[in-house]
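Here's the structure we're looking at; comments come further down.
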Amino acid sequence: MARPQARAARPAPARARRRIYWFGGGRADGRADMKALLGGKGANLAEMARLGLPVPPGFTISTEACTYYYAHGGGYPPGLKEQVPAALARVEKAVGRRFGDPQKPLLVSVRSGARASMPGMMDTILNLGLNDRTVAGLARETGNPRFAYDCYRRFVQMYGDVVLGLKPETKTERDPFETVLEEKKRARRVKLDTDLDADALRELVAEFKALVRTRKGVRFPEEPEEQLWGAIGAVFGSWMNERAIVYRRLNAIPDTWGTAVNVQAMVFGNMGPDSGTGVAFTRDPATGENVFYGEFLMNAQGEDVVAGVRTPLPIAALERENPKAYAQLMKIRRTLERHYRDVMDIEFTIQQGTLYMLQCRVGKRTALAAVRIALDMVRERLITRDEALRRVEPDGLEQLLRPTFDAKAKDAAVAAGRLLARGLAAGPGAAAGRIAFHADEAEARTARGESVILVRIETSPEDLRGMAASRGILTARGGMTSHAALVGRQMGKVCVVGCEALLIDYEAGTLRVSGRDVVLREGDEVAIDGSTGEVFQGAIPAAPSEVVQVLIDRTRDPATAPVYRMFAQLMKWADQVRRLGIRANADQPDQGAAAAAFGAEGIGLCRTEHMFFGEGKLGPMREMILAETVEERRAALSKLLPFQRADFEGIFEVMQGRPVTIRTIDPPLHEFLPHDEAAQRELAAQMRIPFERVRDRVEALHEFNPMLGFRGCRLGIVYPEITEMQARAIFEAAAHVRKAGTTVEPEVMIPLVGHVKELMLQAAIVRRVADEVMKQEGVRFRYLVGTMIEVPRGALTADEIAAVADFFSFGTNDLTQTTLGVSRDDAGRFLVPYVDRFNIYPRDPFQSLDQDGVGALMKLAVEKARRARPDLKLGICGEHGGEPASVRFCHAIGLDYVSCSPYRVPVARLAAAQAALGPD
Ligand code: PEP
Ligand code: MG
């Protein structure tokens, strides 16, 4: 939308459209479901008025008027100039006061209010209608000149700032009005604003106006009508102020929505000891408990509550202060919950003993509160089970599985300046511990009983054991599907990645933060919040998750774990309605066990390369890579075989007959070799081969673009003996476990297939080995051979590939990388501005599926594949498999299952249920 320029000349339509919607006195033109037209505030004021709640009368200028304003260079729509005075006259009549009347003046508030809540982003003006004449009337009428002049000086200050644009001219300059106010207090030798008497406030008004005249070259408008139009224009104008634009970008709110303007009769909470103001939630928004929750201040205006000048009292104390208003408020609480069938967040004012409602909206809540409220409301018969399932944000469920920082301790850390930097929130939860810069250091410290945060520029498969040993992982580089993020999530670690402000010097053993005078060393304490991406200096205490204590640690009896029981109930309902199957990405038995405990119905991706880093395995693996002949390679592979077999046996046992998809080796081989000379020399010594051979081989394996290089099925095609060994290990493990009485159903998956011939070559090896092993072991079991679809050519030729595959699993990490031509490991630097500043993608496409691009390819592949082979099993195992919007997309295109990291399994279960329920 363009900023207003010249007013366009347009012929007025025959009859002006309605731009104004009345509320008050038990009637309203609008309704709660008219948020698009009236904004959230206006729609709910209308709804409350309809409910007969005590709403000061007023009117809402529609968002359409704002849209018109921008489309017509800052001009008001035809008819508005007539409709506003008419509506104002109706307000005057309703309250028995007149705008600009020196005896009984009507004062109004002019507030913004968009369709989606944008707290504090746009402008508001209070006490409008005051001038030198009306202020005297107000003083006389209330018998309280101090009150009247305090309103007046607040009005001149607010109007001067918001409408007339009198703001600090430099970053360092204080608010000019505040400077004058401070001078006045000094001159009068008082400390607080409230100590200034009526005379001082009257002088302030004159000084504020003089300030406006000298700084802005305009006279402060005395006429209430002129003030009102100025305020309306400013509120419309504030839709396009910079912070509102940034907020909309961050929250995916379209610029085209526009804001409404609410003009409402003022009521005052600062008219004396029988007046007051407060905010409340109909239930506790932190715990969800069914208790009235909020606070209030007597003899105060809204901004005093927010500004924290005086400490508000808990809402229960209102019963003593004003039993009548309290009883009325309790009744309103019930009325609103029954009516909206949800928890509401309200604002109220008591003016000389009379209660007024100024706002209500659906209350924001924590994940725990969302679950408790949804379940309680089903019990109270306010909502159905399906509605309860829809009410809970799936993403929030992960919070219930994570330790969380003590909120007060975290606030104190922020206040103490210990917040060092912010990265990408890659693995939620809270972790504090000592810094280890290297994986072996992390292991050593953990072995000594320390809690460790592994801090790396980035991680690689070499760091796996150190990552597993650490409580949290923090990296300076990498995006949401970088190694650290993906593996950290799979391990259930708290993880912050791509924290570009961190300057890590491995040699010096230091961690610096750009722009901060801080040097941290190995062993120093840091705390990371993987739900927000925040990094703190020093420790912050955290509390464990009840759900994990019951399901994973088994240290807690479900009978004593109410949060667990709520979680379990919601999950049970979700499972009853979802169609999509839910699997997990896991490559260790403990990960498989965790996934099963969280409700996974199988493993959708076991990355075998992660298994090569365990005890005793890296040596033969490196021998295999360094081998120069097939014989040497086979010899090394035969050493690896028993390890792999044992690993697979562990997984099959733990999964107890659930399907397990095992992927053959995928990453470029150089990832398994050491890159610095010292480590290369050590490896050469261990293997009793010349150092030069190791060095040369590492160099020979170097690739300019390893992600598009010698990896995936390309390895198994050029070195078929690798696939053969892996297939043998899988099937022998399956045979052993089968013979021991556990059913098994291995699914062997070939990565990075772009051409059907690639799959044919690999599938032939797998099937041959399966036959051999079954014969040799004397046991038969079902198995499948399938492929990942993770390069565009694979998707485009899905029909040909389907003819050979038993199943497809979309590897959307690579498919996003290859479709967008964006490196999953290097994208952080530009993807963040791409999303936040330029709005090119609504969200990080490695996190939430790019449905128009990658999704279109998937849809095409599904259609082609199902046409060729209707019974083909289809899943997804990229990180998107645990992201709610992507899960909904997978449901919509007809996949059979999604597979995600174990701690995302509950998220996927709920998202799948919501997908099955469809839109509201
Ligand atoms: C993928 O590419 O989506 C995938 C699951 O494989 P990886 O992340 O191991 O490349
Ligand atoms: Mg991949």
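Note that ligands are numbered from 1 as they come in the structure, with each ligand's atoms numbered from 1 the same way. Remember, it's a predicted structure, so these values are computed and weren't measured experimentally.
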Geometric N/O contact Gly811 with ligand 1, under 3.5 angstrom: yes

Check: Glu609 N/O within less than 3.5 Å of ligand 1 N/O: no

If you measure only the distance, is there a donor-acceptor pair under 3.5 Å linking the side chains of [X] and [Y]?
{"X": "Gln762", "Y": "Thr723", "result": "yes"}
{"X": "Ser901", "Y": "Asn585", "result": "no"}
{"X": "Glu458", "Y": "Thr475", "result": "no"}
{"X": "Glu883", "Y": "Gln847", "result": "no"}

Under 4.0 Å from ligand 1, counting heavy atoms only, is it the side chain of [X], its backbone, both or neither?
{"X": "Asp814", "result": "both"}
{"X": "Asn585", "result": "neither"}
{"X": "Leu815", "result": "neither"}

State plainly whether the residues [X] and [Y] are in salt-bridge range, i.e. N to O under 4.0 Å.
{"X": "Arg782", "Y": "Asp806", "value": "no"}
{"X": "Arg578", "Y": "Asp896", "value": "no"}
{"X": "Glu398", "Y": "Arg904", "value": "yes"}
{"X": "Lys617", "Y": "Asp647", "value": "yes"}

By number and element, which atoms of ligand 1 are closer than 4.0 Å to a non-hydrogen atom of [X]?
{"X": "Asp666", "value": "10 (O)"}
{"X": "Glu790", "value": "1 (C), 2 (O), 4 (C), 6 (O)"}
{"X": "Cys877", "value": "5 (C)"}
{"X": "Leu605", "value": "5 (C)"}

Could you pull out, from Arg607, His483, Gln817, the option with a heavy atom nearest to atom 7 (P) of ligand 1? Arg607

Going by the closest heavy atom to atom 8 (O) of ligand 1, which one wins out of His880, Arg824, Met707? Arg824

For atom 4 (C) of ligand 1, what is the nearest protein heavy atom, given as residue, atom name and distance? Met788 CE, 3.5 Å

Considering heavy atoms of the protein only, find what lies nearest to atom 6 (O) of ligand 1 and give residue, atom and distance to 0.1 Å. Arg663 NH1, 2.9 Å

Quick one: does Glu879 get within less than 4.0 Å of ligand 1, heavy atoms only? no

May I ask you to check if any N/O/S atom from Asp814 comes under 2.8 Å of the Mg ion (ligand 2)? yes

N, O or S atom within Glu790 nearest to the Mg ion (ligand 2), by name: OE1

Taking the cut-offs as 6.0 angstrom to the six-membered ring centre and 45 degrees off its axis, would you call Arg622 and Phe672 a cation-pi pair? no

For Phe846, is the NZ or CZ atom of Arg824 found under 6.0 angstrom from the centre of its six-membered ring and inside 45 degrees of the ring axis? no

